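Remember, it's a predicted structure, so these values are computed and weren't measured experimentally. Letters A, B, ... are given to chains in the order of the sequence lines, protein chains preceding strands, and every chain is numbered from 1.
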There are 2 protein chains.
Amino acid sequence: MVTVTALARTAALVGDPARAGMLAVLMDGRALTASELARAAGVTPQTASGHLAQLTEAGLLAVARQGRHRYHRLASPAVARMLEGVMAVAAGPGPVPAAPRRGPRDAALREARTCYDHLAGRLAVAMADALVARGAVELEADGGAVTPAGEDFLRGLGVDLAAAARTGPARRRVFCRPCLDWSERRPHIAGTLGAALLATCLDHGWLRRIEGSRAVAVTPGGRLALVRAFGDGLGGPCGDA
Amino acid sequence: MVTVTALARTAALVGDPARAGMLAVLMDGRALTASELARAAGVTPQTASGHLAQLTEAGLLAVARQGRHRYHRLASPAVARMLEGVMAVAAGPGPVPAAPRRGPRDAALREARTCYDHLAGRLAVAMADALVARGAVELEADGGAVTPAGEDFLRGLGVDLAAAARTGPARRRVFCRPCLDWSERRPHIAGTLGAALLATCLDHGWLRRIEGSRAVAVTPGGRLALVRAFGDGLGGPCGDA
DNA sequence: GCGCCGCTTCGGCCGGGTCCGAAGCACGAG
DNA sequence: CTCGTGCTTCGGACCCGGCCGAAGCGGCGC
């Protein structure tokens, strides 16, 4: 089988700490320069350059030149899914890791952040719970689905389901994929629906990206809108309701 | 983030050719002895022993002692999903790899084989196509769903949907996950539904595992039943209809 | 009980791959 | 044009990790 050597090569690319750090940072879906990635991985620029060349040639990263900067991003959703899969295994079977780190430094990250193209963190898990509770979405380990009632509800929020469903109105119910949250250890909504949800929240000004971080902030108006749409669970980091 | 080092460690485990070979062989869902895995990976038993110890301690493999044999298997579906993800990336974006190898040695593998807990190969792709064509299943990149009509059809075949849907009759439609086939480069049906389909085919005697290989054979009666259920596409390796 | 077989552990060898210092390119600004 | 900055390439040192030979442990069959 030719594939076994390719399998090992690909996994080995992710298996180096420096490269793994870069890929983990890029999991938020943004495109970063080589210097930023070097700093994130804790190596010198020339070392990072070599790693980036390998990752790009293997098809894990895509680059976009822009002036004298080179922006690197994950080459495809398949790469993001692969990384999610490895992270899920790396996290181990333990469902409850206690409360390992309560540092305020990453409090914003635990509250809400981007995960490639969708939301993650406490907010995303609460959102998924609310959607399941109201019967708008069905979630299982292997996949998820939007119910007919859920279609109406989401359309009411302004989620562009039609854009998410490229294949016509007949099969609008599938574009939903669970993604295990590393901070909450509970599933949130990824896939095309997750991407559409994030886009909607950003478009409406409910959420705002925080510069230089994967974290996203809930705007004052956004908090109101989210609570009205999803219920009290979306209220705040510590339940300010 | 503690997880970055764990991410790299896990990926590095898959990143060694010998270990990757063992994991690839185990993707058929069976449990093999250390000697068999050593031969599959092309290393001596003592080398394999070290690798297996690492994989087991990291939670990628589970062992079952039985007499003087030790049977190793993938520890969880999460591990299988991770490997699928890596393989998908390793296969590269190229949708058409020409006809790289037509050796009769793996003809049976290309025709039908197991992939952890479900079917893969030409037969599985044809089966997925037939299910989609008759409107029993909807498949997208992010997930799949069984339609209400599909529920009736599958139940008629004897597929145990109830066992696949542990969570009650209300949300029976989601347990379906696409899995990219490495020989056909087209999706087939994985997930709980894929596992139930394979179990049904084996129970009915339509398919039979081939000893010492991932390949499965279609029995004479099975071919008849499959063609009747799914149409001519299931007929034979080269379309003997 | 004795010997066989599967599996594991220990030690030493060796190769691949990562790392950084220094120098070379490319692009944009002044 | 010349300088400065971001990125890449080259070279050599280092170290981690895989590999196998030999020896030790444990269960099974005769």
- Whole-Å distance separating the CD atom of A/Gln54 from the P atom of D/dT8: 13 Å
- Atom CZ of B/Arg70 to atom C1' of C/dT9: distance rounded to whole Å? 13 Å
- Message: Could you check whether A/Glu36 pairs with A/Arg30 (Lys NZ or Arg NE/NH1/NH2 to Asp/Glu carboxylate O, under 4.0 Å)?
- Response: no
- Query: When you match A/Val43 and B/His69 each to their closest nucleotide on DNA chain C, which lands nearer the 5' end?
  - Reply: B/His69
- Exercise: identify the closest heavy-atom pair between A/Ala8 and B/Ala20: CB-CB, 3.7 Å
- Query: Could you state the CG-C1' distance from A/Asp16 to D/dC16, rounded to the nearest angstrom?
  - Reply: 12 Å
- Message: Give me the atom names and distance for the closest heavy-atom approach of B/Leu52 to B/Leu37.
- Response: CD2-CD1, 3.8 Å
- Looking at every strand, decide which applies to B/Arg19 at a 4.0 Å heavy-atom threshold: base, sugar-phosphate, or nothing. sugar-phosphate
- Task: For the residue pair A/Asp117 and A/Leu198, establish whether any side-chain heavy-atom pair is separated by less than 4.5 Å.
- Result: no
- Task: Rounded to the nearest angstrom, tell me the gap between atom CZ in B/Arg68 and atom P in C/dG6.
- Result: 7 Å
- Query: Any idea how A/His69 and A/Tyr71 line up, ring-wise: parallel (<30°), tilted (30 to 60°), or perpendicular (>60°)?
  - Reply: tilted
- Under a 4.0 Å heavy-atom cut-off, which of residues 44-52 of chain B touch DNA chain D? B/Thr44, B/Gln46, B/Thr47, B/His51
- Query: Atom CG of A/Leu32 to atom P of D/dG6: distance rounded to whole Å?
  - Reply: 15 Å
- What's the CG-P distance between A/Leu13 and C/dG16, to the nearest Å? 17 Å
- Query: With a 4.0 Å cut-off on heavy atoms, is B/Glu36 in touch with a base, just the backbone sugar-phosphate, or nothing at all?
  - Reply: nothing
- What is the minimum heavy-atom distance between A/Ala128 and A/Leu139, and which atoms define it? CB-CD1, 4.5 Å
